[in-house]
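These values consider heavy atoms only, across backbone and side chains, with no hydrogens, waters or symmetry-generated copies. Only a predicted model underlies this, so the values are computations on that prediction, with no experimental measurement involved. Reminder, nothing fancy here: chain letters follow the sequence lines and each chain counts from 1.
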Amino acid sequence: MQITLPDGSIRAFDGPVTGADIAGSIGPGLLKAAVAIEVNGTEQDLSVVITADSSVKILTVRDEAGLDVMRHTLAAQVLARATRELYPGSKLAIGPTIKNGFYYDVEFDAPISTEDLPAIEKRMKDIIAEKNPITLRMLSREDAIALFTERNEPYKVDIIERTEGQDEFQIYFQDNTDFVDLCRGPHLANLGQAGAFKLTKVAGAYWRGDSKNKMLTRIYGTAFGDRKTLKKHLNALAEAEKRDHRVLGKQLGLIMFHDYAPGAPFFLPKGEILYHELSEAMRTLLLGKGGYQAVRTPQLFDAKLWKTSGHWDHYADNMFSFGDDEPQAEVSDSGIMGLKPMNCPCHMLVFGSQKRSYRELPLRICDQGVLHRNELRGALGGLTRVRQFCQDDAHLFVTEEQIESEVTDLLALVGTVYSAFDMEFKAKLSTRPEKKLGSDDLWDRAEAALQNALEANNLPFELKEGDGAFYGPKIDFDVVDAIGREWQCATIQLDYQLPARFDLKYVTADNELATPVVIHRAIFGSLERFIAILIEHYAGAFPTWMAPEQVRVLTVSEKSFSHGESVKQRLEAAGLRVHLDTRADKIGFKIREAHKDKIPWMAIVGEQEMENDSVALRLRTDLRGKGIPEKPSVDQFLELVQETAKRPF
RNA sequence: GCCGAGGUAGCUCAGUGGUAGAGCAGCUGAUUCGUAAUCAGCAGGUCGUCGGUUCAAGUCCGAUUCUCGGCUCCA
C-alpha cells in the first residue's frame with residue numbers, strides 16, 4: 001500500500017496503517033508532535049486506520065489545521081470535562097473552534113461569571129497534566145442515544161437525533177476517566193499535546209442560535225501552540241483595547257453619549273471637526289467632476305412611502321414610527337409617520353418627480369441624510385452600532401448597459417478613498433440567493449457585469465455564492481486596519497426591484513419607456529462607524545488634514561508670548577487649526593499634554609525662536625524620521641503644515 | 001429583545017450594614033522654567049433612578065434605566 005507525503009515522496013506499507021504509524025516511520029520527533037492527519041484532504045485522528053493508497057499530511061500545531069485540532073480538543077475534552085467535574089449538574093452543548101480559540105456552550109444550574117474562570121482554567125491545566133490518551137469509538141445511533149441519555153446530556157441526544165443519513169457516531173473516550181463526548185473530531189492523540197491557552201470571557205448564547213431556545217452559557221478561550229504566541233495574541237488584544245474608539249473618543253474629547261439618547265452619538269467640538277472633514281472630503285470628491293449631484297431629503301415620511309418601498313413589510317420592526325397608537329393625532333393621510341432608515345426611497349421620489357430622458361443617465365444622487373434605525377437595545381455600542389447615523393449614501397440610476405462602467409468607476413473610487421487612509425481592502429462578490437426576484441437571465445447579466453468590473457480593476461475578490469440580496473447581486477468591501485482587523489465598510493448593490501416598485505421610467509432613444517436599474521453604494525458606509533474605525537486605525541493620532549487640532553504652539557516663558565501669538569495668527573490666517581498654550585507651566589509639562597492629546601505638530605517658541613522668527617518642532621511619534629527640519633522658520637513651518645493639511649482626495 | 005457583568009467626584013478607581021475616599025483633572029497662590037508630570041492650598045458627591053428591608057443602606061432585596069461582553073437581528 002502506498003502513502004504519498006506532501007513533498008511527493010511515497011512510502012510503502014505492507015498492510016493497513018494508522019496516522020501514528022506513518023508519523024513514527026518518518027521520525028520520532030514528528031510522532032511526538034503529530035496531532036492529527038489529513039487523509040486525501042480530510043482531517044482525521046491519528047488512530048484511524050488507513051486501508052487504501054492515500055496522500056496524507058501529518059498535522060502539527062504549526063499548521064493552522066493542526067492548531068485547530070488542538071483548540072478543538074481543548075474545548076471538547078478539556079474545558080468540557082472541567083465544567084462537568086466542577087459543576088456536576090451542567091449539560092454540554094457544543095464546543096467548536098473559532099478564530100484564535102474556541103468556546104463551549106454549557107447549561108449550568110446556576111449562572112457563572114468571569115470570576116469562575118480561573119478555577120475552571122486551573123482544573124483544565126490539571127486535566128492536561130494527566131496526559132490521558134483519547135480514544136475514538138464508533139457507536140450506533142441507538143447506543144449513542146442511550147449513552148448520552150444515561151449521562152444526562154440532552155443536547156448531545158438532540159444533536160444525534162437531528163443528524164440524518166448517518167448510522168454511526170464518533171464518540172471520544174478519555175482514558176482513565178469517566179469523560180465521554182460526542183464530537184466530529186479529530187482530536188489530539190493525548191492531552192499532553194495541548195498548548196498554551198487562556199479562558200477569556202463568558203457570554204450567553206442560545207441553543208442552536210435560536211432565541212426561542214434556552215440560553216446557554218458560552219465560555220470563550222484562546223489557544224496557541226506555545227506560550228510565546230499566546231502572549232503575543234493577548235498583547236494584540238490589549239493593544240486593540242487601548243485603541244478602543246469609545247475610550248479614545250472620550251479621552252480625546254471627540255464624542256459623548258447620554259442616557260437620554262441611547263444609541264445616538266454626540267460629536268463634541270473636536271469630533272465634529274473629524275466628522276466635517278470626512279463628510280466634506282467625500283462631498284467634494286463626488287460633486288463636480290465626480291459626476292454626482294447632492295440632495296437633501298426629509299426625515300419623516302407618511303407610512304405610504306414605506307409601504308411602497310417595501311420597508312413597512314420587511315423592516316418595520318427596525319423603524320421608528322408614530323401616530324399608530326395615537327388615533328387623534330391625524331399626523332398624515334394614513335395617520336402613521338416613520339423616520340427614514342434609508343435614503344433610497346427618497347431618491348426614488350426625486351427621480352420620479354419629473355420626466356426623465358436616457359440622456360440624463362447615469363443620474364447620480366448623493367445624500368448624507370440622517371437615518372434612524374431602531375436597533376435592539378443589547379446591540380448598541382459606541383459608534384459602531386447606533387440608532388442614528390449618516391451614510392455617505394448615493395443612488396445611481398442607470399441603464400443596464402451602463403452598469404459595468406459605473407461599477408468600474410466605483411471600484412476605482414473605493415481604491416482612491418481607502419488608499420488615502422493607508423488601508424488595504426478586500427472585495428467580496430455576493431451572487432443570487434435562493435429567495436430572489438427576477439429571472440435567471442437577468443441575474444446572469446447582473447453578476448457578470450459586477451465580475452467584469454472587478455476584473456477590469458484587477459481586484460481579486462472572494463465569491464460568496466447565494467449571499468446577495470433578493471433584489472440584486474452586490475460587492476462588499478472589508479478594510480484592513482493598522483492592527484490587521486477587518487471591517488466591512490463599502491458596498492455596491494444592484495437593485496432591479498425598487499425602481500419598479502416606484503414605477504420609475506425614463507424615455508429611451510427609441511422614444512419608449514424603460515425602467516432604470518439602481519445602484520446603491522456607500523464608501524465609508526456610515527460616517528459614525530467609519531470614524532470609529534479611523535480612531536482605532538490611527539490610535540487617535542489622526543493625519544494632519546483631519547486632526548481636530550493641527551498645531552499647538554507652546555511658549556517656553558512669558559517672554560515669548562508675543563511670538564507665540566504671532567505664529568498662531570499666521571497659521572490661522574492660512575486656515576489651520578491652531579492652539580496657543582501660554583500657561584505658566586514648564587515646557588516639559590506642556591509637551592507631555594500635547595502628546596497625550598495626539599497633536600501632530602508641536603511648535604515650541606522661546607527667546608531664540610523669537611529672535612530669528614522660527615519655531616522649534618517636537619513631532620508626534622509617527623511624523624519622526626521623515627526629514628522634517630527641527631527648527632524651521634515660521635514661513636517654512638507654515639508651508640510644511642499646509643502641505644500635510646491638504647485633503648488627500 | 002435574551003443571558004451575564006457593571007453604574008461611587010470631570011476621568012480612572014477603592015470602599016462586605018455604622019461619619020463617602022485616593023490619584024489625575026479643576027480652581028487659587030507661588031514658580032517664568034528649553035523638549036513626556038514645579039510646589040502648596042482649596043474645592044468638588046442625592047453613591048444611575050424609584051421603591052422596600054433595617055435603629056441605621058453606596059453596601060441587603062425588588063423594579064427600572066444606561067453601559068459593557070456575547071447571542072439575536074441587520075429589507
Notebook entry, point to check: Taking atom C1' in both rC73(B) and rA5(B), what distance in whole Å separates the two?
Noted result: 23 Å
Note to self: I want to check something: taking the side chain as every heavy atom from C-beta on, are I120(A) and Y87(A) in contact at a cut-off of under 4.5 Å?
What the structure shows: yes
Checklist line | Spacing of the C1' atoms in rU59(B) and rG70(B) (rounded, Å) | finding: 29 Å
Check: If we call it a pair only when both distances are under 3.5 Å in a Watson-Crick or G-U wobble match, what pairs with rU59(B)?
Finding: none
Note to self: I want to confirm an ordering. Mapping I604(A) and F589(A) to their closest nucleotides on RNA chain B, which one lands closer to the 5' end?
What the structure shows: I604(A)
Next item on the list: Using the P atom on both, measure rC24(B) against rU65(B) and round to a whole Å.
Entry: 39 Å
Notebook entry, point to check: Roughly, in whole Å, what's the span from OH in Y103(A) to P in rC3(B)?
Noted result: 19 Å
Notebook entry, point to check: Do the rings of H372(A) and F320(A) sit parallel, tilted or perpendicular, given the 30° and 60° boundaries?
Noted result: perpendicular
Next item on the list: With C1' as the reference atom in both, quote the distance from rG10(B) to rG26(B) in angstrom, rounded to an integer.
Entry: 8 Å
Next item on the list: Check the pair D622(A), K626(A) against salt bridge (Lys or Arg N to Asp or Glu O under 4.0 Å), reporting the backbone distance first and the verdict last.
Entry: CA-CA 9 Å; D622(A) 61 303; K626(A) 297 195 169 173; 5.6 Å; no
Next item on the list: With R218(A) as the cation and Y103(A) as the aromatic partner, state whether NZ or CZ is under 6.0 Å from the six-membered ring centre and within 45° of the axis.
Entry: yes
Next item on the list: May I have the distance from L383(A) (atom CG) to rU67(B) (atom C1'), rounded to whole angstrom?
Entry: 14 Å
Next item on the list: Go ahead and name the base partner of rC71(B); Watson-Crick or wobble counts if both distances stay under 3.5 Å, otherwise write none.
Entry: rG1(B)
Checklist line | Rounded C1' spacing from rA20(B) to rG34(B) in Å | finding: 44 Å
Next item on the list: Taking only the side-chain heavy atoms of D259(A) (C-beta and beyond), determine which of rA25(B), rU35(B), rC66(B) contains the nearest atom.
Entry: rC66(B)
Next item on the list: For Y260(A) and rG48(B), give me the distance from atom OH to atom C1', rounded to whole Å.
Entry: 10 Å
Notebook entry, point to check: Base, sugar-phosphate alone, or nothing: which one does G382(A) contact when heavy atoms must sit under 4.0 Å apart?
Noted result: sugar-phosphate
Notebook entry, point to check: For rU53(B), which nucleotide in any strand shown is its Watson-Crick or wobble partner with both distances under 3.5 Å?
Noted result: none
Notebook entry, point to check: Is there a side-chain contact between P265(A) and F257(A) (heavy atoms, below 4.5 Å)?
Noted result: yes
Check: What distance separates D467(A) CG from T431(A) OG1, expressed to the nearest 0.5 Å?
Finding: 8.0 Å
Notebook entry, point to check: Between rU38(B) atom P and E558(A) atom CD, what is the distance in whole Å?
Noted result: 17 Å
Check: Watson-Crick or G-U wobble partner for rC13(B), using a 3.5 Å limit on both distances?
Finding: rG21(B)
Next item on the list: Could you check how far CD1 of I219(A) sits from C1' of rA5(B), rounded to whole Å?
Entry: 15 Å
Check: Taking only side-chain nitrogens and oxygens of K250(A), does any of them come within less than 4.0 Å of OP1 or OP2 of rU12(B)?
Finding: yes
Notebook entry, point to check: With rounding to whole Å, what would you report as the distance between rA36(B) and rA22(B) at their C1' atoms?
Noted result: 24 Å
Notebook entry, point to check: Who does rG26(B) pair with, Watson-Crick or G-U, both distances under 3.5 Å?
Noted result: rC42(B)
Next item on the list: Go along nucleotides 69-75 of chain B 5' to 3' and tag each nucleotide: B for a protein heavy atom under 4.0 Å from its base, S when only backbone or sugar atoms are that close, - otherwise.
Entry: BBBBBBB
Note to self: Just to verify, which of H537(A), E536(A), K250(A) counts as forming a side-chain hydrogen bond (donor to acceptor under 3.5 Å, both in side chains) with H245(A)?
What the structure shows: E536(A)
Next item on the list: Tell me the partner of rG6(B), counting only Watson-Crick (N1-N3 plus N6-O4 or O6-N4) or G-U wobble (N1-O2 and O6-N3) with both under 3.5 Å; none if nothing fits.
Entry: rC66(B)
Notebook entry, point to check: When we call it a touch if two heavy atoms are under 4.0 Å apart, what does I587(A) touch: a base, just sugar-phosphate, or nothing?
Noted result: sugar-phosphate
Notebook entry, point to check: Does NZ or CZ of K201(A) lie under 6.0 Å from the centre of the six-membered ring of Y220(A), at an angle within 45° of the ring axis?
Noted result: yes
Next item on the list: Tell me what A594(A) touches on the nucleic acid: a base, only sugar-phosphate, or nothing, going by heavy atoms under 4.0 Å.
Entry: nothing
Notebook entry, point to check: For the residue pair F224(A) and H233(A), does the interplanar ring angle fall in the parallel (under 30°), tilted (30 to 60°) or perpendicular (over 60°) class?
Noted result: tilted
Next item on the list: Name the nucleic acid region contacted by E593(A), choosing base, sugar-phosphate or nothing; use a 4.0 angstrom heavy-atom cut-off, strictly under.
Entry: nothing
Note to self: Between R618(A) and F561(A), which residue's closest nucleotide on RNA chain B lies nearer the 5′ terminus?
What the structure shows: F561(A)
Check: Which part of the nucleic acid does D585(A) contact within heavy-atom distance under 4.0 Å: base, sugar-phosphate only, or nothing?
Finding: base
Next item on the list: Under 4.0 Å between any heavy atoms, over every strand shown, what does K596(A) touch: base, sugar-phosphate, or nothing? Just pick one.
Entry: nothing
Item checked: Separation between the C1' atoms of rA57(B) and rU49(B), rounded to whole Å -> 16 Å
Checklist line | Minimum-distance nucleotide to R592(A) side chain [options: rA36(B), rG34(B), rC66(B)] | finding: rA36(B)
Notebook entry, point to check: Just checking E609(A): base, sugar-phosphate only, or nothing, at a heavy-atom cut-off of under 4.0 Å?
Noted result: base
Item checked: Integer-rounded Å distance: rG34(B) P and K631(A) NZ -> 12 Å
Next item on the list: Would you kindly give the CG-to-C1' distance between L248(A) and rC11(B), to the nearest whole Å?
Entry: 14 Å
Notebook entry, point to check: Just checking Q251(A): base, sugar-phosphate only, or nothing, at a heavy-atom cut-off of under 4.0 Å?
Noted result: nothing
Margin query: Tell me which nucleotide, if any, is Watson-Crick or G-U wobble paired with rC33(B) when both distances must be under 3.5 Å.
Written below: none
Next item on the list: Check whether any side-chain heavy atom of E609(A) sits under 4.5 Å from a side-chain heavy atom of V567(A), and report yes or no.
Entry: no
Next item on the list: Could you give the distance separating rU46(B) and rG6(B) at their P atoms, to the nearest angstrom?
Entry: 24 Å
